[in-house]
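Input: a single structure, listed below in structure tokens.
Quick caveat: nothing in here was measured; it's all calculated off a predicted structure.
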Amino acid sequence: ARDASLEGLTFRWFRNGAARFTVPIRLLPTNPGSDSYPMYDEFLETVRSRGFQGPIADFSLCAVLLTALVGKYIRLRDTSALSGPFYAKAKLHDVWRIIPFVNMRSYVAHVKEWGIPLVQENESYTPPGLAPESLISLDPGANLINEDRRSAGLITALPLAGCLLWAVGIGSLADAKGLNEFSGAMMEAATTHRAH
């Protein structure tokens, strides 16, 4: 198989109904006022005040792109008469010594109190492991917003997005409040970066 780390934003559909997404993680500028996320300057100030100089990675936009691709995958499954849950896993490439950012007030407050997460692996799988039982089960029919099928991408992708954030040291989706704030941060990222 071709090395996914060499691809840009990519959606690959296979005849058996499987898919592979490649989502590049955008690095954020490291000077104040250079990005339009409301929490970014405060986060950057906290990072710099603690002496960190590493690249800062945008996991808000990464999660938005992930949910968009999951939504596309669900629509393709529907047209192919595939239904029911499916299984997923994410692999992070080239993430050693990145500082993850997500545009959430609770995340910035957490970083101020407990410190800056700094990724210590170059590659990692999330959920961890390579065995089939390590895959996460995702169900596009469960928990739709107002039974609206268009919400399937967002709702289905949230557990995988949560695993992705957890893998880089952001454990913000543990409760409903964190989940709601993260959903809002994703919507803001989608709106902000659609305009650019």
Side-chain angles (χ1 to χ4, degrees), residues 4-10 21-71 89-128 153-154 157-196:
S5 67
L6 302 176
E7 299 175 359
L9 180 63
T10 307
F21 315 146
T22 303
V23 180
I25 301 171
R26 180 177 86 112
L27 295 180
L28 293 166
T30 55
N31 49 317
S34 60
D35 203 88
S36 52
Y37 285 128
M39 298 306 303
Y40 186 63
D41 282 353
E42 189 176 342
F43 178 78
L44 185 61
E45 180 183 322
T46 303
V47 168
R48 296 301 176 240
S49 72
R50 304 241 175 139
F52 285 86
Q53 298 297 321
I56 299 174
D58 183 356
F59 278 87
S60 292
L61 184 60
C62 176
V64 168
L65 295 172
L66 177 66
T67 60
L69 291 171
V70 168
K89 179 175 286 294
K91 182 179 182 184
L92 292 159
H93 290 274
D94 301 324
V95 291
W96 183 67
R97 302 213 35 99
I98 64 161
I99 299 167
F101 171 75
V102 65
N103 189 45
M104 295 172 59
R105 184 170 306 284
S106 62
Y107 174 60
V108 174
H110 179 84
V111 163
K112 284 181 173 184
E113 184 173 352
W114 298 102
I116 313 294
L118 184 66
V119 179
Q120 296 297 309
E121 292 89 21
N122 192 45
E123 291 186 347
S124 68
Y125 287 94
T126 183
L154 171 65
L158 278 174
L160 186 58
C163 288
L164 193 65
L165 294 181
W166 191 264
V168 295
I170 304 172
S172 302
L173 304 185
D175 57 29
K177 184 178 177 187
L179 194 58
N180 287 338
E181 187 184 3
F182 181 63
S183 298
M186 288 172 53
M187 297 288 279
E188 191 164 6
T191 304
T192 298
H193 295 288
R194 191 177 298 130
H196 286 78

Original post:
Going by the salt bridge (charged side-chain N to carboxylate O under 4.0 Å, His left out) test, which pairs reach into residues 95-109, not counting sequence neighbours?
Top reply: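 Passing the test, one end in residues 95-109: no pairs.
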Donor-acceptor check, side chain of [X] to backbone of [Y], threshold 3.5 angstrom: yes or no?
| X | Y | answer |
| --- | --- | --- |
| Tyr40 | Pro29 | yes |
| Ser60 | Asn103 | yes |
| Thr46 | Leu44 | no |

Original post:
Under 6.0 Å between the ring centres of Tyr37 and Phe101?
Top reply: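 Yes, the ring centres sit under 6.0 Å apart.
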Closest non-hydrogen atom pair, [X] against [Y]:
| X | Y | value |
| --- | --- | --- |
| Phe43 | Ile99 | CZ-CG2, 3.8 Å |
| Leu61 | Asp58 | N-OD1, 3.0 Å |
| Tyr107 | Pro100 | OH-O, 2.6 Å |
| Thr10 | Gly8 | OG1-O, 2.8 Å |
| Thr22 | Pro24 | O-CD, 3.7 Å |

If we only count heavy atoms from C-beta on, is the [X] to [Y] side-chain gap below 4.5 Å?
| X | Y | result |
| --- | --- | --- |
| Leu69 | Leu9 | yes |
| Leu160 | Leu66 | yes |
| Cys62 | Arg26 | no |
| Ile25 | Leu92 | yes |

Original post:
What distance do Leu158 atom CG and Thr67 atom OG1 have between them, rounded to the nearest 0.5 Å?
Top reply: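 Those atoms lie 7.5 Å apart.
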Original post:
How many angstroms lie between CZ in Phe52 and OG1 in Thr30, if you round to the nearest 0.5 Å?
Top reply: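 So the gap between those two atoms works out to 15.0 Å.
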For residues 110-123, run the donor-acceptor check on the side chains, cut-off 3.5 Å, and write out each pair with its distance to 0.1 Å, sequence neighbours left out.
| unit_1 | atom_1 | unit_2 | atom_2 | d |
| --- | --- | --- | --- | --- |
| Lys112 | NZ | Glu42 | OE2 | 2.5 |
| Gln120 | NE2 | Leu118 | O | 3.3 |
| Glu123 | OE2 | His93 | ND1 | 3.2 |

